[in-house]
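These notes are about the structure you will find just below.
Proteins come first, then strands; the chains are lettered A, B, ... in the order of their sequence lines, and each starts at number 1. Quick caveat: nothing in here was measured; it's all calculated off a predicted structure. Note: hydrogens, waters and symmetry copies are ignored here, and every other heavy atom, side chains too, is used.
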Amino acid sequence: AQKITQTQPGMFVQEKEAVTLDCTYDTSDPSYGLFWYKQPSSGEMIFLIYQGSYDQQNATEGRYSLNFQKARKSANLVISASQLGDSAMYFCAMREGGLGGTASKLTFGTGTRLQVTL
Amino acid sequence: DARVTQTPRDKVTEMGQEVTMRCQPILGHNTVFWYRQTMMQGLELLAYFRNRAPLDDSGMPKDRFSAEMPDATLATLKIQPSEPRDSAVYFCASAVVISQSGTEAFFGQGTRLTVV
């Protein structure tokens with residue numbers, strides 16, 4: 001079973017508009033973390049935002065916010081005021097906590113390619 | 001500016017040759033990951049280490065791949081013998097993980113491997 005599911009292979013958004021990239025996850029571990037990474041065409045993986053399973057509030061980092069709905073097991077990334085430089089692949093990832101921190105591997109989704117247009 | 005350093009950035013090799021990729025994690029990070037990225041499979045976790053000990057290498061083909069951390073400043077991923085299907089971008093990432101908390105993993109720029 002897929003641990004992380006990103007159902008949108010590609011998305012278009014106009015500059016200055018907001019866009020939501022979907023991510024659902026599957027885990028029975030009560031302790032986990034959710035991450036979003038950006039991969040521009042240059043290839044590097046850039047960390048964007050993190051949400052812990054026990055966090056009460058949705059994470060925000062500048063123009064990025066994470067719409068965390070625990071009961072639905074979703075962790076959608078919202079990018080506000082899109083810029084041309086936001087065009088990239090976006091990956092959702094999950095770290096399962098495990099006991100004593102013995103787990104913690106990061107599992108990635110298949111990614112969503114976002115294209116920001118003028 | 002702390003960063004994960006991977007070498008080489010690009011590698012072209014002939015089928016059957018040995019390939020060694022190196023990674024210098026961020027100083028103080030206790031967890032190191034190796035990922036492989038292909039168009040078909042996306043990002044696959046090959047192996048990861050905590051405090052230099054391998055925790056999980058189930059994603060790695062054991063017959064030809066090996067991963068080690070000879071010391072805290074160096075992680076290596078070796079393929080012997082290499083095959084064309086190993087062509088991919090190999091990422092190393094490091095993180096600080098303490099108990100059940102943890103931070104984001106910082107990625108190196110990757111090694112683009114082409115096996116011909």
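Remark: B:K11 NZ is loosely packed, at most 12 non-hydrogen atoms of other residues, nucleotides or ligands lying under 6.0 Å away. More than 12 heavy atoms of other residues, nucleotides or ligands sit less than 6.0 Å from atom CZ of B:R64. The neighbour count for A:L84 CG, taken as heavy atoms of other residues, nucleotides or ligands under 6.0 Å away, is above 12. Under a cut-off of 6.0 angstrom, the local environment of NZ in A:K70 is crowded, with over 12 non-hydrogen atoms contributed by other residues, nucleotides or ligands.
Between A:Q39 and B:F91, some side-chain heavy-atom pair lies under the 4.5 Å cut-off.
For the atom pair CZ of A:F35 and CD of B:E104, the computed distance is 7.0 Å after rounding to the nearest 0.5 Å. Here CE of A:M89 is found 7.0 Å from CD of B:Q37. Values are rounded to the nearest 0.5 Å.
In the hydrophobic clustering of this structure, A:W36 groups with A:Y64; members are Ile, Leu, Val, Met, Phe, Trp, Tyr whose side-chain heavy atoms approach within less than 4.5 Å, directly or through other members.
Checking side-chain atoms of A:Y37 against main-chain N and O of B:A105 turns up a donor-acceptor pair under 3.5 Å.
B:F33 and A:L106 get closest at one heavy-atom pair: CE2-N, 3.8 Å.
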